[in-house]
Each structure stands twice: as structure tokens, then as C-alpha cells.
Number of protein chains: 2
Amino acid sequence: MTGKPFPSVWLREPRKATSPGRSREEIVRAALELLDEEGLAGLSMRKLGAKLRAGATSLYWYVANKDELLELVYDEIWGEMTVPDHEEVGWRDAAAALAYSMRQVIVRHPWAAEFVGRLPALGPNALWVANELRKMFKAAGFTGLDTDYAIATLTAYVYGMTIPEIAWNKSTGGHVYDADEMRAAVAKAAAPFPEMLESVDMATYDDPKAVREIAFDFGLVSVLDGLERRLAT
Amino acid sequence: MTGKPFPSVWLREPRKATSPGRSREEIVRAALELLDEEGLAGLSMRKLGAKLRAGATSLYWYVANKDELLELVYDEIWGEMTVPDHEEVGWRDAAAALAYSMRQVIVRHPWAAEFVGRLPALGPNALWVANELRKMFKAAGFTGLDTDYAIATLTAYVYGMTIPEIAWNKSTGGHVYDADEMRAAVAKAAAPFPEMLESVDMATYDDPKAVREIAFDFGLVSVLDGLERRLAT
DNA sequence: ACCTGAACACCGTTCAAGT
DNA sequence: ACCTGAACACCGTTCAAGT
């Protein structure tokens with residue numbers, strides 16, 4: 001009963017509802033900007049302080065530490081999701097649209113890809129999205145724990161497809177590489193594995209962005225098909 | 001033709017095949033130990049140097065920088081995968097077993113969960129696993145780019161299911177919380193979302209580990225069913 | 001060929017002191 | 001109630017100097 005308290009920003013009261021000068025919201029907004037511009041490694045309390053024309057240590061009045069600030073910013077991005085009305089378009093299209101939106105949010109905030117493995121999404125916006133998914137899958141016919149499993153499966157797919165894609169983007173540094181050059185590099189790396197070479201010859205490196213879209217679709221259809229099959233039995 | 005070189009450890013030659021005193025392998029092994037014990041944030045070049053009874057800066061002779069070292073260690077863990085023979089057990093069981101093994105590897109090295117979003121897995125061990133998956137899916141009947149898409153779908157599922165699980169483990173700090181306490185916390189957080197409360201009443205928090213195993217199975221079966229359906233048409 | 005220590009430009013966070 | 005600067009214990013990395 002009186003165990004350790006579960007540690008998360010979301011279970012503590014904010015220091016104040018509002019305040020005249022700086023505020024939690026202002027800090028979170030500035031942090032989000034800095035993260036989008038410079039990435040997770042580019043955010044420091046000192047830089048953030050400077051951006052707000054304040055001493056780095058002033059922020060500690062509004063936020064317990066950097067991790068807590070990141071939790072707040074992380075939840076912020078899930079507020080950007082566009083969630084379709086499943087009663088209009090049907091559960092399957094709604095779930096697919098939500099998956100696309102989720103992918104978009106992560107692509108728009110690449111630092112989030114690194115953050116998924118660090119702290120769980122427990123903020124109000126994340127809960128809102130989870131709840132919308134729940135409504136969709138319940139409408140689809142899932143009951144009991146199966147609803148949770150179905151939600152986890154879909155979101156897992158989106159995370160797992162998007163996170164390594166972001167990692168790839170980072171390693172190429174946003175720079176678009178020449179298709180032939182890329183092919184040559186992959187051919188060299190894949191040399192010990194003859195089965196892999198065939199895919200190198202293919203169109204993959206001419207329009208990587210298009211291929212990724214198709215890949216995402218392929219997997220999404222597969223996952224939704226698979227989930228639908230759970231309903232039939 | 002003469003564009004920027006694609007930047008990755010794997011495309012450069014190591015400084016030397018072997019060396020008498022310290023070696024790349026020794027450094028990578030020590031780094032892996034440190035990462036497993038203290039996590040990604042717990043690894044510093046200084047600590048690693050101390051562990052090897054060397055100055056922190058000595059390591060820079062074997063490794064260009066910390067990121068490159070991490071790339072090397074990251075590949076190391078994919079060498080721990082147990083890959084079944086698909087000709088013996090059939091492609092579907094083989095793919096499932098590989099998925100379990102992948103999950104195990106990440107659970108065993110939680111720092112990897114954070115790393116997936118940072119740099120792509122391009123090392124020899126990662127390529128080996130990818131190639132094994134390729135053989136399985138080709139045996140299943142996939143052809144052309146569909147083979148790549150199927151591989152991406154399965155691995156995405158495993159990553160996406162495992163990475164947030166690790167994040168959750170981190171936030172609870174390895175400490176196992178009382179089921180009732182947990183229920184109360186979730187109930188509070190989920191208060192604005194009536195649809196979510198039902199799952200709080202369920203058995204989820206009594207044996208979270210078991211529930212996660214079942215969830216993983218549920219999703220894995222769904223994904224494999226969905227992929228199998230791509231073959232039928 | 002390999003290793004070292006000093007040095008530089010950074011970090012997150014605490015805390016006494018100010019207004 | 002809010003903000004500050006100094007201070008502490010850290011970082012990754014460079015580089016001239018040693019053996």
C-alpha cells in the first residue's frame with residue numbers, strides 16, 4: 001500500500017496553474033523548437049535558458065530536471081495527431097489513418113524516435129490517442145484484453161517501421177546520396193551474403209522515399225489483415 | 001560518382017587486423033559490459049578507459065569517436081541471435097523463433113532500445129540476421145521487393161513491441177510495483193477516458209510479465225497471418 | 001606504433017544569495 | 001515567488017609530447 005511512488009511527471013501536480021512571467025508552457029514550447037532544430041543531443045538546459053533569455057538554472061523552478069522536461073515535450077507531439085472518426089469511415093480505415101498520422105508525427109520530430117526507448121508515453125495527449133484507438137478496436141469487435149493486444153500490435157508496427165527509418169535518415173545526415181554510389185556501398189557490405197545482392201539490383205535506391213511509403217503500406221495492410229483474422233475466430 | 005562518402009564504421013578498414021596490447025575487440029567487449037551494467041547514459045570514454053586500466057584518450061587510437069564505438073558494440077549483440085533452420089521447421093515457425101530471439105536480445109541489452117532510433121544496423125552480424133530472414137521469406141514464397149517488405153514488417157513489429165516495453169521497465173526502475181498501487185495510479189491518469197478504465201479492472205497488473213508474453217504472441221500471430229495472406233493473392 | 005596528460009569547450013544540477 | 005551566478009562533478013575530443 002505504501003510502496004514507492006510511481007515516478008512520472010504526470011502523477012504530480014504542476015508547480016502552479018499559471019504564472020505571470022515565464023511558464024511551463026513557454027519552456028516546453030521553446031524546448032520543442034530546439035529539439036526539432038538540433039535533435040535530442042542538441043538540447044541542453046543552458047541553450048534552452050539562453051533561448052528564453054534566462055539563466056540555465058532558472059528553468060529548474062518550473063521543472064524538476066531535464067528528464068521531466070523531456071516527458072512534457074514528448075507528450076506535446078502526440079497532440080498533433082489527426083484522429084479520424086471511426087463511425088464515419090469504419091474502424092479499419094480509421095486505424096490506418098491513425099497509423100499514418102503517428103508515423104508523420106515521428107518523422108516531423110525525429111528526436112522522438114530516440115525517446116521511445118527511454119520513457120513510456122503516459123501524458124494526457126498520449127492517453128487520448130490510446131483511448132481513440134481503443135474506441136476504434138472496440139467498434140471493430142475486439143473485447144477484453146484482446147483490445148489491448150490489438151492496439152499494441154498496430155502501434156508496435158508503426159513505431160518499429162518508423163524508428164529505424166529515422167535512424168537511417170540520421171546516418172545519411174539528411175544528405176541524399178547518389179543511387180549508384182549507394183548501390184556500390186551496399187553491394188560491398190552485403191558481399192558475404194549472396195541472397196541479399198539481388199535486392200541491390202532493384203529500383204530501391206532510385207527513389208528511397210517512394211519505396212518506404214510502399215513498404216509502410218504493405219506492412220500496414222498485413223497487420224490489419226492479421227488483426228481482422230483475430231475477429232473471425 | 002565522387003559524392004560524399006557514406007559515413008559508417010563498416011565501410012572503413014579497421015586500423016589493424018590484430019595488435020599485441022589492447023585491441024578493438026577488447027574495447028568493444030568492455031564497452032558492452034559497461035552498457036549492460038549502466039545503460040547508454042552510463043557509458044563514458046573515461047569510465048571505459050578506467051575499466052581497461054588506460055587513459056580515456058587511449059581509446060581514440062582504436063576508434064574514431066564514441067559513436068563509432070557504439071556502432072561496433074551495437075552490431076555485437078546481433079551475433080547473439082539464435083537463428084533456426086527454416087528447412088527443418090518451416091518458414092513460419094522459423095520466422096517466429098527469430099522474432100522471439102530478437103526480442104530476447106533487446107531485453108538482454110536494454111540500451112539497444114534507445115540506440116535503434118540513432119543509427120541503423122549495418123554491421124556484419126545485423127546483415128547476417130537480415131540475410132537469414134531473407135532466406136526464410138523467400139522459402140515462404142515471397143519474391144522481389146515483397147521479400148524486403150515482409151522482412152521489414154516482421155522486424156518492425158518486434159522492434160515496436162519491445163522498445164516501449166524497455167522504456168516502461170526503465171521508468172519503473174526495475175522495481176516491481178504493487179498491483180493495487182499500479183491500478184490506482186493508472187486509474188487516476190486514465191480518469192478522463194472512461195473507455196480505458198475497464199482494462200484497469202482486469203488482471204493486467206497482477207502479472208505484467210505474463211501479459212506481455214501473451215501480447216507479444218497475439219501480435220506475432222497476427223503479423224504472420226497478415227503476411228501469409230500476401231502470398232495467397 | 002602506441003599511450004599519456006593537459007587543455008578546451010561543453011554538460012546537468014545544487015544552492016546560497018539576491019530581488 | 002521567482003531568478004541569478006558560482007561551483008561541483010562530470011562529459012567528448014584534440015593534440016603535443018612521450019616511449
Side-chain angles (χ1 to χ4, degrees), chain A residues 7 9 12-32 34-35 37-74 111 114-115 118-119 170-171 173, chain B residues 7 9 12-28 30-31 34-35 37-74 111 114-115 118-119 170-171 173:
Chain A
V9 220
R12 298 196 287 101
E13 303 298 327
R15 189 73 89 139
K16 192 106 166 278
T18 50
S19 65
R22 268 178 276 276
S23 67
R24 229 187 207 204
E25 291 85 55
E26 199 193 353
I27 291 170
V28 169
R29 199 169 14 176
L32 180 53
L34 209 47
L35 283 167
E37 285 163 15
E38 316 210 16
L40 199 51
L43 173 74
S44 77
M45 298 303 268
R46 282 171 159 90
K47 273 196 217 162
L48 184 56
K51 195 182 168 86
L52 291 163
R53 261 175 275 296
T57 58
S58 313
L59 309 173
Y60 285 86
W61 207 86
Y62 297 93
V63 131
N65 50 44
K66 193 184 177 184
D67 263 15
E68 180 169 306
L69 173 60
L70 286 171
E71 272 195 274
L72 292 167
V73 185
Y74 183 44
W111 54 272
E114 268 177 75
F115 201 74
R118 249 165 80 166
L119 286 174
K170 276 176 193 157
S171 86
Chain B
V9 221
R12 298 196 287 100
E13 303 298 327
R15 190 73 88 139
K16 193 102 168 281
T18 51
S19 65
R22 268 178 276 276
S23 67
R24 228 186 207 204
E25 291 85 55
E26 199 193 353
I27 291 170
V28 169
L34 209 46
L35 283 167
E37 285 163 16
E38 315 211 16
L40 198 51
L43 173 73
S44 78
M45 298 303 267
R46 282 172 159 90
K47 273 195 216 163
L48 183 56
K51 195 183 167 88
L52 291 163
R53 261 174 277 295
T57 58
S58 312
L59 309 173
Y60 284 87
W61 206 84
Y62 297 93
V63 131
N65 50 44
K66 193 184 177 185
D67 263 15
E68 180 169 307
L69 173 60
L70 285 172
E71 272 195 274
L72 292 167
V73 186
Y74 182 44
W111 54 271
E114 267 176 75
F115 201 74
R118 248 164 81 167
L119 287 174
K170 277 177 192 155
S171 85

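Per chain, numbering begins at 1; letters A, B, ... match sequence-line order.
- As judged by a 4.0 angstrom heavy-atom cut-off over every strand, T57(A) is placed among the base-contacting residues.
- By the 4.5 Å heavy-atom criterion applied to side chains, L43(B) and L48(B) are counted as neighbours.
- Here the side chain of S44(B) is nearest to one of dC3(C), dC11(C), dC11(D), namely dC11(D).
- The separation between Y60(A) atom OH and dA17(C) atom C1' is 19 Å, rounded to whole Å.
- Summarising the geometry, the separation between CZ on R46(B) and P on dG12(D) is reported as 7 Å, rounded to the nearest angstrom.
- In this entry the distance linking CG of L69(B) with P of dC11(D) reads 15 Å, nearest Å.
- Taking 4.5 Å as the limit, some side-chain heavy atom of K170(A) sits within range of a side-chain heavy atom of E114(A).
- With a 4.5 Å cut-off on side-chain heavy atoms, Y60(A) and M45(A) count as touching.
- Between the CE atom of M45(A) and the C1' atom of dC10(C) there is a distance of 16 Å, rounded to whole Å.
- Taking atom NZ of K66(A) as the reference point, atom P of dT13(C) lies 8 Å away to the nearest angstrom.
- Residue-level contact check: S58(B) touches the bases, meaning some heavy atom is under 4.0 Å from a base atom.
- The shortest non-hydrogen separation linking Y74(B) to L119(B) is CE2-O, 4.0 Å.
- In this structure, CG of L43(B) is placed 12 Å from C1' of dC11(D), rounded to the nearest angstrom.
- In DNA chain D, runs of at least 3 consecutive Watson-Crick or G-U pairs, each pair with both distances below 3.5 Å, span C:4-8 with D:12-16, C:12-16 with D:4-8.
- At the heavy-atom level, A54(B) lies under 4.0 Å from the strands shown only through sugar-phosphate atoms.
- With both ends at atom C1', the span from dA9(C) to dA9(D) equals 16 Å, rounded to whole Å.
- Heavy atoms of L59(B) sit nowhere under 4.0 angstrom from any nucleic acid atom.
- Residues W111(A) and V73(A) form a side-chain contact, since some pair of their non-hydrogen atoms from C-beta on lies under 4.5 Å apart.
- Between Y62(A) and dC3(D) there is a side-chain polar atom (N or O) within less than 4.0 angstrom of OP1 or OP2.
- For the pair R118(A) and L40(B), the minimum side-chain heavy-atom distance is 4.5 Å or more.
- In this structure, CG of N65(B) is placed 14 Å from P of dC15(D), rounded to the nearest angstrom.
- As a whole-Å value, the separation of L52(B) CG from dC3(C) P is 10 Å.
- At a threshold of 4.5 Å between non-hydrogen side-chain atoms, the residues V63(A) and V28(A) do not count as touching.
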